[in-house]
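Quick one: the structure is below, questions incoming.
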There are 2 protein chains.
Amino acid sequence: MQISSRFSVAVHVLTLLAVTPVGELLTSDRMAGSVNTNPVVIRRILGQLKKAGLVEVRAAAGGTYLRRAPADITLLDVYRAVEVVEGDLFSIHDKPNPKCPVGRNIQVALDDTLRRAQAALEQQLAGVSVAQVAAGMGELVG
Amino acid sequence: MQISSRFSVAVHVLTLLAVTPVGELLTSDRMAGSVNTNPVVIRRILGQLKKAGLVEVRAAAGGTYLRRAPADITLLDVYRAVEVVEGDLFSIHDKPNPKCPVGRNIQVALDDTLRRAQAALEQQLAGVSVAQVAAGMGELVG
DNA sequence: GTTATTGTAACAATAATGGTTACAATGAAG
DNA sequence: CTTCATTGTAACCATTATTGTTACAATAAC
């Protein structure tokens, strides 16, 4: 199964905030308009980004703004914030037969490989910042 | 969400076949016993491995055997065979607002990065063979 | 022919996802 | 201090994937 679009929506939201003049706040309604979804979906994600310390959300007359410079937010930060994956990316069947040599050792044998695959993916995400994504907007708007 | 355990089960199954004397076949029942699941679950996965040309399955008195040397089957082959992911690993929200600069460009901007992250993961899987996993069994059985 | 086995359909339980409505709580602004 | 736009969150729904299960026809070795 694919990784949830929560992640791409979160990057979208942060990119919107990155291209918004400092001091200006965005409402979940405005962001939902750009993403083209329901404001509640945006607010749910904002809650996760807030918990991760990436944004500040003000109630009432409210809106959201970034708490870190866009260059200081990597896609890995976002990926982790939205908890698209809890713990390990790969799941391993949980109760292989311990009476079988393969059943007894498969989990440990796979663990290292799968962890390294996951790390390789995360390393790529860590190499890209929200600022870089936002820069991509500028170019193309040209 | 995590990647389905179909993948780890498939690796388990192929590892069982790899440590089985050449000429000997394994039934879905035997494999299910080692994985600790229902034989039908195994047969479904075998169908996918067969379609990918990794194993040969004989009906009737039947059973399964490898069609390639364990050293010639990478975990990427397995990953693709069980179609744990159809197409792209990351999903991107499909209808961002084209009237917004960010909505208009986010898909293209993210596409490259996410593809590279996926490629990094797959490259790791491509670097490990079923033979290597099977070797891990031997060590630990000691 | 008998028989063990595969291939597949059908069904159920569980869980995640994305969207929706509803509404209390917040707090800025008049 | 009242108003009001907005957030935070609960509740619900439809859809989908997953894993396990039963059932049974088709297969082919013996």
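Within every chain, numbering begins at 1; the chains are lettered A, B, ... in the order of the sequence lines, protein sequences first and strands thereafter. When reading the values below, keep in mind they use all heavy atoms of this one structure, side chains included, and skip hydrogens, waters and symmetry mates.
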Exercise. Starting at the 5' end of nucleotides 17-26 of chain D, put B wherever the base has a protein heavy atom under 4.0 Å, S where only the sugar-phosphate does, and a dash everywhere else.
Key: SSBBBBB---

Practice problem: Round to a whole Å and report the spacing from CZ of Arg58(A) to C1' of dT26(C). | Solution: 13 Å

Self-check item: Nearest-0.5 Å distance that lies between atom CD in Glu56(B) and atom CG in Leu49(B)
Solution: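 That separation rounds to 12.0 Å.
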
Practice problem: Please round to the nearest 0.5 Å and tell me the distance separating atom OG of Ser129(B) and atom CG of Asp72(B). | Solution: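 Nearest 0.5 Å value for the OG-CG distance: 8.5 Å.
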
Quiz prompt | Any side-chain donor near an acceptor of the partner, His93(B) and Thr37(A), under 3.5 Å | solution = no

Exercise. Can you sort out which residues in residues 17-28 of chain B have a heavy atom within less than 4.0 Å of DNA chain C? Ascending by number, please.
Key: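 Those residues whose heavy atoms fall under 4.0 Å from DNA chain C, taken from residues 17-28 of chain B in numerical order, are Thr27(B), Ser28(B).
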
Quiz item: With sequence neighbours excluded, what pairs up with Asn97(A) under the side chain to side chain donor-acceptor pair (under 3.5 Å) test?
Solution: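 Residues passing side chain to side chain donor-acceptor pair (under 3.5 Å) with Asn97(A): none at all.
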
Quiz item: Do Arg58(A) and Tyr65(A) touch side chain to side chain, with heavy atoms closer than 4.5 Å?
Solution: yes

Quiz item: Can you tell which of Asp29(A), Leu26(A), Val35(A) makes a side chain to side chain contact (heavy atoms under 4.5 Å, CB included) with Ile42(A)?
Solution: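 Considering Asp29(A), Leu26(A), Val35(A), a side chain to side chain contact (heavy atoms under 4.5 Å, CB included) with Ile42(A) is found only for Val35(A).
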
Quiz prompt | d(CD, Gln2(B); C1', dT14(C)) in whole Å | solution =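 Between C1' of dT14(C) and CD of Gln2(B): 15 Å.
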
Practice problem: Classify the nucleic acid contact of Gly47(B) as base, sugar-phosphate or nothing, counting any heavy atom under 4.0 Å across all strands shown. | Solution: nothing

Quiz item: When the distance from CG of Asp29(A) to C1' of dG8(D) is rounded to whole Å, what number comes out?
Solution: 15 Å

Quiz item: Would you call Arg80(B)-Glu122(B) a salt bridge at under 4.0 Å N-O?
Solution: yes

Quiz item: Is any side-chain N or O of Lys50(B) closer than 4.0 Å to OP1 or OP2 of dG7(C)?
Solution: yes

Self-check item: Spacing of Tyr65(B) atom OH relative to dT6(C) atom C1', expressed in whole Å
Solution: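 So the two atoms are 14 Å apart, to the nearest Å.
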
Quiz prompt | ILVMFWY cluster, Val19(A) and Leu14(A) together (side-chain gap under 4.5 Å) | solution =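 Same cluster.
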
Practice problem: Quickly work out the Leu49(B) CG to dG7(C) P distance and round it to whole Å. | Solution: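 Rounded to whole Å, this separation is 11 Å.
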
Quiz item: Roughly how far, to the nearest 0.5 Å, is OG of Ser5(B) from CG of Asp94(A)?
Solution: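 Taking CG in Asp94(A) and OG in Ser5(B), the distance rounds to 8.0 Å.
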
Quiz item: Phe7(A) CZ to dT17(C) C1': how many Å, rounded?
Solution: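 The distance from CZ of Phe7(A) to C1' of dT17(C) comes to 17 Å, rounded to the nearest Å.
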
Quiz item: Rounded to the nearest Å, what distance is computed from the CG atom of residue Leu46(A) to the C1' atom of nucleotide dT6(D)?
Solution: 12 Å

Practice problem: Quickly work out the Ile45(B) CD1 to dG7(C) C1' distance and round it to whole Å. | Solution: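 About 15 Å, once rounded to whole Å.
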
